[in-house]
Amino acid sequence: MKTNDKLRILLQRSLIIFSINVFIFFILIGRLYYLQIYQKDKYTLLSDTNRISKRILIPPRGSINDRSGIELAKNNQTFQAMIISEQVPDIDSLLSSITPILNLSQTDIERIKKDISKYKKTLPIKIKDNLSWEEVSSIMINNHLYPGLFIDEGLIRHYPYEKYTAHPLGYVGSVSQSDLQNSDNPLLQVPGFKIGKSGFEKTFDTSLRGTEGTITYEVNAYGRIMREIEKKEGIKGNDLDLTIDIRLQKIAYDAFGSQSGAAVVLDIHTGEILALVSVPSFDANLFVDGISIKNWNTLLYDEKKPLHNKAITGQYSPGSTFKIAVALAALEEGIITPSTTSFCSGKMNLGNHLFHCWRHSGHGKQNVIDAIKNSCDIFFYEVALKLGIEKIHDMSRRLGLGEIYDLKLENQKKGVIPNKKWKQENLKSPWQQGETVIAGIGQGYVLVTPIQLATMLARVVNGGYEITPTLIKKDQPQSFKKLNIKQSSIDIVKQGMFEVVNGIGGTASSAKPKDKNIIIAGKTGTTQVRRISLKERQAGIKKDEELPWKYRNHAWFMAYTPHNNPKYVVAVIAEHGGSGSAVAAPIAAKILEETIKLDIR
């Protein structure tokens with residue numbers, strides 16, 4: 001009986017254990033059904049995620065071309081040394097081994113380590129770009145000694161015209177942290193990817209960079225590539241066509257020689273900028289892979305400011321070039337006629353203040369054409385007083401001064417075309433008559449940029465059409481409204497500018513082209529950058545060459561050609577160059593002479 005009880009208890013326990021096992025079995029079956037049937041798609045996707053790795057492919061960046069299709073910014077084939085840090089047993093040892101071969105600096109090594117810590121270990125990190133054949137061969141021959149290191153073929157941005165195009169084109173550089181915060185574009189996440197940092201490279205960066213491609217790999221549990229599954233090429237970025245003619249761009253830059261300044265050449269009928277130079281400049285290629293501290297400091301602390309695009313950011317008193325706007329305003333208002341004369345004795349009194357003409361002995365009797373030809377200050381002092389600052393301001397604005405143009409370039413400056421309202425708002429004081437006098441010769445508060453002065457002259461000599469300057473080539477010709485300036489007024493100031501270059505004793509007789517078939521006309525300007533005291537006048541004004549460079553006068557010349565049927569204008573500023581007639585005029589004449597010979601269309 002006792003044995004039977006034990007057997008019964010054993011059977012009961014066995015049944016319970018069996019029932020539990022059956023219950024657990026059905027739970028497992030149910031769970032397996034749930035995972036493999038009901039959630040099949042989810043876990044298939046997770047499995048593929050672990051098994052498949054995608055890498056973004058950088059598309060070729062669009063080129064930037066001149067008006068004839070010549071590439072000003074292009075992509076050169078390059079070889080890059082890359083590493084996948086997950087495959088490198090000892091990063092420090094590897095970098096130490098390849099430093100003599102690739103000539104890595106301490107800065108390079110720090111950058112590489114920073115990238116390794118920032119990106120996934122399975123992503124390729126750039127060690128060095130633009131390798132020479134010697135460097136490539138040294139790495140390839142000894143590749144077995146450098147696990148995780150490989151040579152990749154890619155593209156690098158290149159600016160073949162270096163200093164000649166640096167300011168309008170700008171340059172590309174590495175993606176910064178702020179760039180990443182401001183964009184979710186996946187291309188920016190790729191180690192070593194470059195984006196536009198200045199100039200057109202920055203303005204049109206999104207269009208130029210294109211659309212990324214992808215390459216899909218099968219990887220093992222450690223993330224190592226086993227095989228390529230699929231490759232989709234990216235879409236090349238859009239090209240950008242400019243109005244600049246690179247031949248003229250080089251001529252205009254080289255015409256400055258050792259001078260510092262800027263020049264702008266415009267087609268007066270289309271507003272197309274054929275040349276836009278700022279001198280001195282820099283080699284934009286220095287920035288592509290990160291500029292060295294030494295090179296950066298050299299550019300940054302140069303007193304001639306090579307990093308500044310003076311053609312659009314340089315603000316200068318226009319000096320006597322401004323007399324064209326004053327003369328037009330006076331003719332349009334009926335303040336003067338072609339026969340109106342003024343006597344220049346070399347000085348003029350206004351209250352207890354004495355205003356001087358640049359020619360101390362005076363010019364004698366002057367009409368408006370004479371006054372433009374001889375750049376007589378006294379004539380324009382008197383005209384400015386009769387006109388008043390408001391009418392001078394209004395004509396200047398109609399001619400495009402004090403305006404920001406849609407050039408698609410950053411940091412363009414507006415300049416200053418003052419009037420009573422401007423002074424009250426900015427200086428909190430009323431306008432004075434003496435300020436009108438000096439504004440009449442483009443001094444005082446008046447400030448313009450070279451691009452504005454070129455635009456002003458173009459609007460005058462094209463018959464009074466409101467052209468606007470552009471650097472981007474357009475498919476369709478633009479139409480411009482008439483400024484409602486009488487042709488007779490335009491003809492008078494044009495005659496004055498003709499006499500400046502071609503008349504006997506004109507202030508820019510040095511600007512006559514060597515080719516006598518080319519006739520140009522224009523206006524000089526010399527602007528002070530320091531105030532000359534009465535004591536210095538009495539003792540004798542120092543010559544510019546006796547002063548430190550930064551205290552010398554700025555030299556202006558704006559001109560157009562041909563005189564009888566104008567097509568091109570140029571505005572030239574030679575910073576601290578001294579005399580407009582002696583320095584700026586020959587530069588402008590050479591540029592216009594070559595422009596005619598090139599016959600740019």
Side-chain angles (χ1 to χ4, degrees), residues 265-272 318 320-342 366-376 379-380 383-384 386-388 390-403 417 440 442 448 452-469 477-503 506 508 518-524 557-571 592 595-596:
V265 182
L266 278 178
D267 182 314
I268 68 168
H269 301 298
T270 66
E272 291 184 338
S320 294
T321 60
F322 191 67
K323 292 172 181 175
I324 299 304
V326 176
L328 262 184
L331 289 164
E332 288 293 285
E333 292 294 328
I335 300 295
I336 60 171
T337 68
S339 60
T340 301
T341 61
S342 175
Q366 300 280 288
N367 62 26
V368 63
I369 292 176
D370 294 331
I372 293 172
K373 169 188 171 183
N374 298 315
S375 202
C376 178
F379 181 93
F380 284 97
V383 167
K386 293 175 185 177
L387 263 176
E390 298 302 330
K391 287 185 172 62
I392 294 173
H393 169 274
D394 293 346
M395 177 57 74
S396 302
R397 293 303 305 272
R398 286 169 69 188
L399 295 177
L401 303 182
E403 187 177 338
I417 302 300
V448 301
Q452 289 174 344
L453 205 63
T455 302
M456 180 191 83
L457 183 58
R459 289 184 181 185
V460 172
V461 301
N462 70 7
Y465 286 92
E466 192 182 23
I467 64 105
T468 54
Q478 301 291 100
S479 59
F480 304 103
K481 72 176 185 179
K482 204 83 161 59
L483 287 170
N484 197 28
I485 299 174
K486 293 192 291 287
Q487 186 61 45
S488 59
S489 299
I490 291 173
D491 289 341
I492 291 167
V493 297
K494 282 177 63 182
Q495 184 60 35
M497 288 189 282
F498 174 83
E499 295 294 330
V500 166
V501 179
N502 304 283
I518 299 174
I519 299 176
I520 74 171
K523 184 70 192 78
T524 55
F557 191 63
M558 63 178 191
Y560 65 93
T561 196
H563 170 63
N564 293 326
N565 184 24
K567 185 175 182 182
Y568 308 111
V569 299
V570 64
L592 281 185
T595 304
I596 286 287

Checklist entry - Mind checking what makes side chain to side chain contact (heavy atoms under 4.5 Å, CB included) contact with Asn462, not counting sequence neighbours? => result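 Partners of Asn462 under the side chain to side chain contact (heavy atoms under 4.5 Å, CB included) test: Ile268, His269, Tyr465, Ile467.
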For the atom pair [atom1] ([X]) and [atom2] ([Y]), what is the distance rounded to the nearest 0.5 Å?
X      : Y      : atom1 : atom2 : answer
Asp394 : Glu332 : CG    : CD    : 12.5 Å
Lys481 : Leu483 : NZ    : CG    : 7.0 Å
Gln478 : Glu272 : CD    : CD    : 9.0 Å
Phe380 : Ser375 : CZ    : OG    : 7.5 Å
Tyr560 : Lys523 : OH    : NZ    : 13.0 Å
Thr595 : Ile520 : OG1   : CD1   : 10.5 Å

Below 4.5 Å, heavy atoms only, C-beta onward: do [X] and [Y] meet side chain to side chain?
X      : Y      : value
Phe379 : Val326 : no
Val493 : Leu331 : yes
Met497 : Val461 : yes
Glu333 : Met395 : no
Phe322 : Leu401 : yes
Arg398 : Ile485 : yes

N/O donor-acceptor pair under 3.5 Å between [X] side chain and [Y] backbone:
X      : Y      : value
Asn367 : Thr337 : no
Gln452 : Glu403 : yes
Arg397 : Ile417 : no
Thr321 : Thr524 : no
Asn374 : Cys376 : no
Lys567 : Ile596 : no

Next on the checklist: With side chain to side chain contact (heavy atoms under 4.5 Å, CB included) as the criterion, how do Lys323 and Ile372 come out once you've worked through the C-alpha distance, each side chain's angles and the decisive distance to 0.1 Å?
Outcome noted: CA-CA 7 Å; Lys323 292 172 181 175; Ile372 293 172; 5.6 Å; no
On a heavy-atom basis, which atom in [X] and which in [Y] lie closest, and how many Å separate them?
X      : Y      : answer
Ala325 : Ser396 : CB-OG, 4.2 Å
Val383 : Ala330 : CG1-CB, 3.5 Å
Leu266 : Pro469 : CD2-CB, 4.0 Å
Gly440 : Ala384 : CA-CB, 3.7 Å
Val501 : Gly522 : CG2-N, 3.8 Å
Val448 : Pro318 : CG2-CB, 3.7 Å

Checklist entry - Going through the distances and angles, do Val460 and Leu399 end up as a side chain to side chain contact (heavy atoms under 4.5 Å, CB included)? => result CA-CA 7 Å; Val460 172; Leu399 295 177; 3.9 Å; yes
Item to check | Trace of the side chain to side chain contact (heavy atoms under 4.5 Å, CB included) decision for Ile490 with Gln487 | outcome: CA-CA 5 Å; Ile490 291 173; Gln487 186 61 45; 3.9 Å; yes
Checklist outcome for this item: Applied to residues 488-502, the salt bridge (charged side-chain N to carboxylate O under 4.0 Å, His left out) test, sequence neighbours excluded, yields none
Checklist entry - With Met558, which of Val569, Val570, Ile324 fulfils side-chain contact (heavy atoms from CB on, under 4.5 Å)? => result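 Of Val569, Val570, Ile324, side-chain contact (heavy atoms from CB on, under 4.5 Å) with Met558 is met by Ile324 alone.
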